[in-house]
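Chain naming here is simple, since letters A, B, ... match the order of the sequence lines and numbering starts at 1 in each. Computed over heavy atoms, backbone and side chain alike; hydrogens, waters and symmetry mates excluded.
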Amino acid sequence: MLDIKLIRDHPDAIRQRLALRGAGDEKLIDDVLAFDEARRQALTEVETLKATRNRVSKEIGALMSQKKLAEAEAKKAETRAIGDRITELDKKVAGVEEAREKLLLRIPNAPHASVPPGTSSADNPEVRCWGQKPEFGFPPKPHVELCMALGLVDFDRGAKLSGSGFLLYTGWGARLERALIQFLLDLHTTEHGFTEVSPPFIIGRHCMIGVGQFPKFEDQAYAVQEGLDAGTMGKLYLLPTAEAPVANIHREEILKETQLPIRYVAYSPCFRAEAGAAGVGTRGMIRVHQFDKVELIKIVKPETGSDELEEMVANAEKVLQLLGLHYRVVLLCTGDMGFASAKTYDIEVWAPGQGQYLEVSSCSNCEDFQARRMNLRFKTDTGENKFPYILNGSGTALARLFVALIETHQQADGSIAVPAPLQPYLKTDRIKP
RNA sequence: GGAGAGAUGGCAGAGUGGUCUAAUGCGCACGCCUGGAAAGCGUGAGUACUCCAAAAGGGUACCGAGAGUUCGAAUCUCUCUCUCUCCGCCA
């Protein structure tokens with residue numbers, strides 16, 4: 001959430017930056033300011049009344065202890081009316097405050113100055129490219145074909161169990177998925193300095209609000225109900241990403257400056273309803289309702305945010321380099337960024353069987369937008385409480401990584417060559433039927 | 001699921017309607033003392049919102065969360081959340 005004081009002091013600058021997203025969010029600023037003004041006005045009035053009440057109440061106490069009961073009763077009667085007015089104003093304050101907060105929670109983060117303006121993914125500049133599209137002496141097969149031929153994924157039975165968009169990994173497919181997860185976790189913990197955590201896979205609503213998933217994207221989540229108790233709906237949700245629990249680990253805390261930076265890596269399955277996306281690229285493993293992901297989260301001092309973002313992208317790129325996969329890194333333009341992000345890089349891996357790049361990582365600097373929502377702060381050397389910057393990045397998303405891997409390393413005989421770094425995990429150098 | 005106990009500042013812990021502006025202890029920071037330290041002594045120390053052009057300085061709220069009673073609530077009432085102990089069930 002944006003800083004209300006910043007909005008109050010520099011409304012035009014904020015409006016301008018929000019307008020770059022092209023979603024019309026800047027129009028909400030006037031309402032925010034109106035609610036804010038109403039709140040402060042009522043607050044000033046009610047606090048003056050409370051000060052009076054506190055003073056008179058003390059006087060009553062003193063009179064009572066001096067047995068001057070008649071005088072005390074007179075003052076009580078006088079104060080009763082103040083009490084009613086206070087109740088009334090308290091309600092007003094709470095009302096406009098809630099309205100203001102509700103709006104603030106719906107306003108996206110302001111894009112960083114280094115983010116290029118644009119309206120869609122077509123405007124995202126490519127920052128760099130690694131490797132090249134592999135050449136095959138035969139027409140490369142798409143992953144669905146490879147999976148079926150090699151028995152890696154049973155699409156039909158996956159759908160039979162849970163509906164379309166759910167995968168049943170089988171045999172080498174299941175082992176490859178598990179090997180990739182462990183490979184990624186080991187890489188980030190031993191080479192990149194991340195601490196591994198394993199969070200709950202069901203997460204509270206307040207945490208979804210904390211990272212900015214809610215209230216705007218509530219329709220995209222799977223909500224959980226406890227047994228037959230319909231009253232429990234809306235409290236817990238299946239994770240859309242490990243970012244939701246992990247970024248919230250320190251919510252409502254005041255960290256010591258020396259604790260920063262904090263770097264966490266977590267594996268989790270990710271559940272996405274993908275409402276409204278039915279029929280769009282649903283074949284195969286590219287858009288599914290459940291996939292595995294290894295997520296990177298950083299909590300850092302504001303001044304190191306930019307460097308930490310670059311490093312995080314490099315950490316995610318390392319995965320693809322080690323697996324010998326061609327990829328490109330793009331910088332998302334203002335119109336293509338996620339709700340909570342101030343700056344985002346996407347990493348897209350080449351999938352020869354698809355003839356297209358697939359997004360396998362999205363690394364974002366959310367600055368203090370999320371920390372504000374979850375009231376996470378740190379105390380500086382000078383004793384000042386500040387909001388840290390929170391960054392998140394996929395390191396990386398599976399399913400699509402799986403796709404790129406088997407499509408890239410497929411051989412003429414229909415087998416898959418296992419890249420060297422993965423061989424110790426899979427205990428083979430070749431996946432054959 | 002059943003029964004019971006509990007939640008107070010960095011920590012421990014007192015406080016059952018009116019100088020609570022939350023005792024006391026430990027820890028912490030600074031100062032005095034000292035050759036230096038310890039001890040001792042002294043001082044200070046939370047969070048948020050808000051008023052003021054700003055600074056200085058005020059005000060309000062916060063004793064797990066929310067609602068209520070009252071002129072006045074850490075204290076009384078109700079609801080909720082979490083923690084602990086025992087029992088049951090269970091991977």
Side-chain angles (χ1 to χ4, degrees), chain A residues 1-10 32-105 198 200-210 224 226-236 245 248-259 368 371-388:
Chain A
M1 131 171 100
L2 297 173
D3 184 1
I4 180 64
K5 286 177 188 158
L6 197 67
I7 295 177
R8 208 185 282 156
D9 295 342
H10 307 284
V32 170
L33 287 171
F35 286 130
D36 183 54
E37 182 56 35
R39 170 179 172 273
R40 279 154 64 215
Q41 210 170 343
L43 203 58
T44 305
E45 191 180 347
V46 74
E47 286 184 352
T48 308
L49 290 174
K50 282 180 180 174
T52 305
R53 184 179 68 181
N54 287 346
R55 186 169 40 74
V56 175
S57 288
K58 270 189 186 166
E59 288 168 12
I60 292 171
L63 289 171
M64 305 257 297
S65 60
Q66 291 165 36
K67 305 282 182 218
K68 296 180 180 169
L69 297 181
E71 280 178 57
E73 284 305 323
K75 275 193 189 287
K76 278 191 199 180
E78 173 192 325
T79 320
R80 211 162 282 146
I82 296 182
D84 292 344
R85 178 69 180 146
I86 287 174
T87 307
E88 198 178 303
L89 282 168
D90 269 345
K91 275 188 190 136
K92 186 176 172 190
V93 170
V96 289
E97 191 168 300
E98 196 192 330
R100 188 188 72 171
E101 292 305 297
K102 227 172 155 177
L103 271 180
L104 281 174
L105 286 176
S198 180
F201 295 158
I202 298 179
I203 189 75
R205 181 187 176 77
H206 57 297
C207 291
M208 293 289 267
I209 291 171
V224 172
E226 290 174 33
L228 299 174
D229 183 358
T232 59
M233 273 298 275
K235 288 185 179 163
L236 295 169
N248 275 288
I249 287 175
H250 297 287
R251 75 189 335 268
E252 283 152 47
E253 292 181 25
I254 300 176
L255 301 168
K256 293 192 186 78
E257 186 166 6
T258 52
Q259 285 178 264
D368 60 5
R372 236 173 247 292
R373 289 175 157 242
M374 58 180 77
N375 199 24
L376 165 62
R377 291 163 293 170
F378 73 98
K379 195 177 279 292
T380 64
D381 291 337
T382 54
E384 189 190 354
N385 288 334
K386 291 173 80 171
F387 293 102

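- Between Ala62(A) and Glu97(A), the one whose closest nucleotide on RNA chain B sits nearer the 5' end is Ala62(A).
- Every salt bridge (Lys or Arg N to Asp or Glu O under 4.0 Å) that Arg85(A) has, sequence neighbours left out, goes to Glu45(A), Glu88(A).
- At a threshold of 4.0 Å, the pair Glu59(A)-Arg55(A) counts as salt-bridged, since one of the basic side-chain nitrogens sits closer than that to a carboxylate oxygen.
- The residue Ile60(A) sits close to a base: some heavy atom pair falls under 4.0 Å.
- Within the nucleic acid shown, Lys5(A) comes within 4.0 Å of sugar-phosphate atoms alone, with no base atom in reach, counting heavy atoms only.
- Within 4.0 Å (heavy atoms only), Lys75(A) reaches no atom of the nucleic acid at all.
- Pairs of Watson-Crick or G-U wobble type, with distances under 3.5 Å, assemble into runs of 3 or more in RNA chain B at these ranges: B:1-7 with B:81-87, B:10-12 with B:24-26, B:28-32 with B:40-44, B:46-51 with B:57-62, B:64-68 with B:76-80.
- Contact detail for Pro200(A) and Pro245(A): the closest heavy-atom pair is O-CG, 4.0 Å.
- Residue contacts shown for Arg377(A) are limited to sugar-phosphate atoms, with no base heavy atom under 4.0 Å away.
- Counting non-hydrogen atoms under 4.0 angstrom, Lys379(A) reaches the backbone sugars and phosphates but no base.
- Annotation for Asp368(A) and Phe387(A): closest pair CB-CB, 3.6 Å, computed over non-hydrogen atoms.
- Distance check, rounded to the nearest 0.5 Å: CG of Leu255(A) to CG of Asn385(A) gives 10.0 Å.
- Of all nucleotides in RNA chain B, those with any atom nearer than 4.0 Å to a heavy atom of chain A start and finish, going 5' to 3', at G18(B) to G72(B).
- Ion pairing of Glu97(A) with Arg100(A) is absent here, as no side-chain N (NZ or NE/NH1/NH2) approaches a carboxylate O to less than 4.0 Å.
- Look at Arg40(A) and Asp36(A) and you find a salt bridge, because one of the NZ, NE, NH1 or NH2 atoms lies within 4.0 Å of a carboxylate O, short of that distance.
- When the nearest nucleotides of RNA chain B are assigned to Ile4(A) and Ile254(A) by heavy-atom distance, the more 5′-ward of the two goes with Ile254(A).
- Taken from CE in Met1(A) to CE in Met374(A), the straight-line distance is 10.5 Å, to the nearest 0.5 Å.
- The environment of CD in Glu253(A) is crowded: more than 12 heavy-atom neighbours from other residues, nucleotides or ligands sit within 6.0 Å.
- Looking at heavy-atom distances under 4.0 Å, Thr79(A) makes contact with sugar-phosphate atoms alone, never a base.
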